[in-house]
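Heads up, the thing below is written out as structure tokens.
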Amino acid sequence: MKIKKTYAFAFITSVLFTLLTVGGFSFLLYFKYTIVIDLEVTLYSTVIVFFMFFIVLQKRVEQFIYKRVLKIYEEVSLLDINNLSRTNVTPDIESLSKEMQKFAEDKQLEIESLNERETYRREFLGNISHELKTPLFTVQGYILTLIEGAAEDKDIRDRYLERANIGVERLTSIVKDLDMISKLETNDLNLNIQPFNCLEMIQNIFDLFDMKIKKKNMTLRFDKLYEFPIFVMGDAAKIKQVLINLIVNSIKYGKIGGIIMVSIGSTRGNKIAIKVKDNGEGIKKENIGRIFERFYRVDKSRSRDQGGSGLGLSIVKHIIEAHKQTITLESEYGKGSEFTFTLKRA
Ligand code: ADP
């Protein structure tokens, strides 16, 4: 059994005191009164003096330490005073120092995470205002020009109104993305999980982008002919949004005349894996890790020209994670990108 440290302290101190007291007393008796105390008496008195010293010292030391430790526990509100017992003071000093250390480490972590959140909040506000400023000033510019007289010319008026409208649409789409992100982040997204045929959904999205695809002379198709419907579990509207965002990106960052291919396969855990693959500009290795972050874009001006808000992929990731599924990205710079996400088979 581990001897309490205060016992060791009281023992050594008592030995020293006993030796000094008995020795001093014997010395005094001998020189002053030339009395020599016999050995038996010396031994008894040594033992008695030792125990007296030892008991008094031990109690006093314990009381002293207990009072001070108690004060620390009372003053540091986060330490649990119930953990402190009077009979176990010395080990409690050890546990106190451990608790103190843990307390300091926790505080350090808390401070770091608060600092991180603060930086993130500042960046987020900066990003939002930056994203909104550009289309807002464009719209304002056209409206001011119209007010100042451009409205009199019918051709100019129509053209400027059309451009102002594009700016407003852009603002609306950014606000919608922000709204979606905030809902996703506060877990305010009520998923309506139901079985649906993903094959049919993808085919509908292909039709939706027909014009855009033709404009860039691109091809958007399945990798092979799928004969039977493939049913998956998920919130159909949200999964549609995921597919649209991925396909829109493949068109935006794909090359003229390029191919975008969607494939549906099975994974080991009997899940369905949907893959959107393009042979566009690809993403450099150093950017792959950050691509799903809010507002993260490889080429800001290019993305903005293409109507991007930098929120598309973070929305995709949130939706997939809300379904408790995963999304991965494989990409080679200059060759193309491949986004794969899983869904539960229905
Ligand atoms: P954005 O609105 O800028 O498109 P996203 O979150 O959708 O925002 O995408 C983030 C960035 O990831 C884009 O700016 C682009 O640089 C890169 N990216 C996304 N998809 C692709 C892709 N298919 N090919 C190449 N780069 C891509």
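Order of listing sets the numbers, starting from 1, for every ligand and every atom in it. Position 1 is the first residue of the sequence, and the numbers go up from there.
Proximity to Gly312 (heavy-atom distance under 4.0 Å) selects the following atoms of ligand 1: 5 (P), 6 (O), 7 (O). Interface of Arg297 with ligand 1, defined as ligand atoms under 4.0 Å from a residue heavy atom, comprises 3 (O), 14 (O). Taking a cut-off of under 4.0 Å to the non-hydrogen atoms of Tyr296, the atoms of ligand 1 that pass are 10 (C), 11 (C). Those atoms of ligand 1 with a heavy atom of Ser337 less than 4.0 angstrom away are 22 (C), 24 (N), 25 (C). Of all the atoms in ligand 1, the ones that sit under 4.0 Å from a non-hydrogen atom of Lys252 are 1 (P), 2 (O), 4 (O).
Of the N or O atoms in Ser314, none lie within a sub-3.5 Å distance of an N or O in ligand 1. At least one N or O atom of Asp278 sits closer than 3.5 Å to an N or O atom of ligand 1. Inclusion of Tyr253 in the set of residues having an N or O under 3.5 Å from an N or O of ligand 1 is warranted.
In this structure, of Asn287, Ile247, Ile291, Leu246, the residue bringing a heavy atom nearest to atom 17 (C) of ligand 1 is Ile291.
A donor-acceptor pair is defined here as one N or O able to donate and one able to accept, closer than 3.5 Å; no such pair exists between the side chain of Asn279 and the backbone of Lys335. In this structure a side-chain-to-backbone donor-acceptor pair under 3.5 Å is missing from Asn217 to Gly257.
With contacts defined as side-chain heavy-atom distances shorter than 4.5 Å, the pair Ile283/Leu329 qualifies.
Counting heavy atoms closer than 4.0 Å to ligand 1, residue Val298 contributes atoms from both its backbone and its side chain. At a heavy-atom cutoff of 4.0 Å, ligand 1 is contacted by no atom of Phe292, backbone or side chain.
Val36 is linked by a side chain to side chain contact (heavy atoms under 4.5 Å, CB included) to Tyr30, counting only residues two or more places apart in sequence or in another chain.
With no hydrogens or angles considered, a side-chain donor-acceptor pair links Asn245 and Gln241 at under 3.5 Å. Side chain to side chain, Glu321 and Gln325 fail the donor-acceptor criterion of an N or O pair below 3.5 Å. Side-chain contact, Tyr333 with Asn287: no donor N or O sits under 3.5 Å from an acceptor N or O.
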Item to complete: Begin from the C-alpha positions of Arg121 and Glu118 and carry the test salt bridge (Lys or Arg N to Asp or Glu O under 4.0 Å) through to its verdict.
Response: CA-CA 5 Å; Arg121 193 188 62 85; Glu118 178 55 21; 3.1 Å; yes

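Distances from ligand 1 to the non-hydrogen atoms of Gly310 include at least one value under 4.0 Å.
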